[in-house]
Amino acid sequence: MDLINRPRRLRVNSTVRDLTAEVVIDPKKLIMPHFVCEGSEIREPIESMPGIDRVSVDNLLTDLENDYKAGIRSVLIFGIPEKKDEVGSEAYSDMGIVQNAVRSIKKRMPEILVITDVCLCEYTNHGHCGIIEKGDVLNDPTLKLLAKTALSHAEAGADMVAPSDMMDGRVGEIRDILDENNFFNVSIMSYAAKYCSAFYGPFRDAAGSAPQFGDRKSYQMDPRNALEAEKEVIADIDEGADIVMVKPALSYLDIIHRVKQIAGVPVCAYNVSGEYSMVKAAAKLGYGDERRLAAEIITSIFRAGSDMVITYHARDILKNKWI
Ligand code: PBG
């Protein structure tokens, strides 16, 4: 047959496939999330997230050391406090769980890039990401608490703070307080386009942060909207975000792609708990090959335009040499 174009030529063997691959998963671009709790010698498996544990600081350090050897350089820290209250006091306490964890990490392994999640939902007894009045989540009074939280993380040694609350104006408020306190080099990774998603289910089990009434629709984004993601991203960059995030990732690959076109700053995507647990469940049931599913999903997130990916698969990917 007279065929000039035979795309199969570049697929004939793995060497040429690797040579021409457009996306390569680079371990340095993966961020591993961790759930840290009070106490010592604690390691509690999270039922809905097989392979991920809630750990006390001592065990966290062991995990970080092992992961570092496998190639993980960046981590995202979530705190699970012992006490919750109306205003999430433990989120901005100097002796809070995240603050203690960050101090310990930086003492033992200063080379690890520590990103902290800045939000109130794990710390409030109502489970919302802000202060409540008459059933409403108040925007402006919440900003002060988020800024205090970010500052306390920076004081503990965080390299980067990641506000995930979706209040309006929080990036600017955080940038101001960090600069006033000379933390010019602490960067902000904003959860800029964060959708109100069913894919956060396992995380809320893990962190005990499910809202006790209502839902998060009055602050997280409507999954039907794409233009709004651009607006959120532009607003956050104007307020000083260094990196903008799209979350979740898999159902929002189009959003990642759009955001990448307009952002002009690095884009991060969060491959969230539900996306991770679906793969684990499929693998357990024998409906799919975990290794290939995970690698294909992470590849698609990079291909869509993300510069880095937060994923619970990071450890498995690197330890088991899936890429
Ligand atoms: C806190 C926060 C959530 C996640 C990250 N930060 C939960 C939520 O918004 O309900 C979800 C992460 C995941 O599902 O892996 N606001």
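As a basis for the values below, the full set of heavy atoms in this structure was taken, side chains included, without hydrogen atoms, waters or symmetry mates. Every number for a ligand or one of its atoms is a count from 1 in the order of the listing.
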For ligand 1, which part of Ser273 has a heavy atom less than 4.0 Å away: the side chain, the backbone, both, or neither? both

Which of these passes side-chain hydrogen bond (donor to acceptor under 3.5 Å, both in side chains) with Gln99: Ser104, Ser93, Ser152? Ser152

Can you name the atoms of ligand 1, numbered from 1 with element, that are less than 4.0 Å from a heavy atom of Gln220? 8 (C), 9 (O)

Does the pair Asp254/Arg258 count as a salt bridge with the N-to-O cut at 4.0 Å? no

Cationic N near anionic O, under 4.0 Å, Arg170 to Asp165: yes

Criterion side-chain hydrogen bond (donor to acceptor under 3.5 Å, both in side chains) on Asp117 and Ser164, from CA distance to verdict: CA-CA 7 Å; Asp117 186 85; Ser164 68; 3.1 Å; yes

For ligand 1, is Glu275 a contact, meaning one of its heavy atoms is under 4.0 Å away? no

Do Lys194's NZ or CZ and the ring of Tyr200 fall within the cation-pi criteria of under 6.0 Å and 45°? yes

I'd like to know if Arg291 and Asp289 make a salt bridge, using a cut-off of under 4.0 Å between side-chain N and carboxylate O. no

Regarding Arg303 and Glu22, does a basic nitrogen lie under 4.0 Å from an acidic carboxylate oxygen? no

Would Lys194 count as a contact residue for ligand 1, given that I'm defining contact as a non-hydrogen atom of the residue lying under 4.0 Å from a ligand atom? yes

Would you tell me which option among Phe203, Tyr191, Tyr195, Tyr276 has the nearest heavy-atom contact to atom 12 (C) of ligand 1? Phe203

Minimum-distance protein heavy atom relative to atom 5 (C) of ligand 1: Lys247 NZ, 2.6 Å

Does Arg204, backbone or side chain, put an N or O under 3.5 Å from an N or O of ligand 1? yes

Taking 4.0 angstrom as the limit and counting only heavy atoms of Tyr270, give me the atoms of ligand 1 inside it, by number and element. 12 (C), 15 (O)

Under 4.0 Å, heavy-atom basis, I'd like to know which part of Asp117 is in contact with ligand 1: side chain, backbone, both or neither. side chain

Which of the atoms of ligand 1 are close to Ser164, meaning less than 4.0 Å from one of its heavy atoms? 1 (C), 2 (C), 6 (N), 16 (N)

Just jot down the ligand 1 atoms closer than 4.0 angstrom to any heavy atom of Cys121, in number order. 1 (C), 16 (N)

Salt-bridge test for Glu290 and Lys280: reply yes if a basic N is under 4.0 Å from a carboxylate O, no otherwise. yes

Is His126 reaching over with its side chain to a backbone N or O of His128, donor-acceptor style, under 3.5 angstrom? yes

Tell me whether Tyr312 reaches ligand 1 (any heavy atom closer than 4.0 angstrom to a ligand atom). yes

I need the atoms of ligand 1 closer than 4.0 Å to a non-hydrogen atom of Phe78, numbered in the order shown. 5 (C), 6 (N)

Enumerate the atoms of ligand 1 whose separation from the nearest heavy atom of Arg216 is less than 4.0 angstrom. 8 (C), 9 (O), 10 (O)

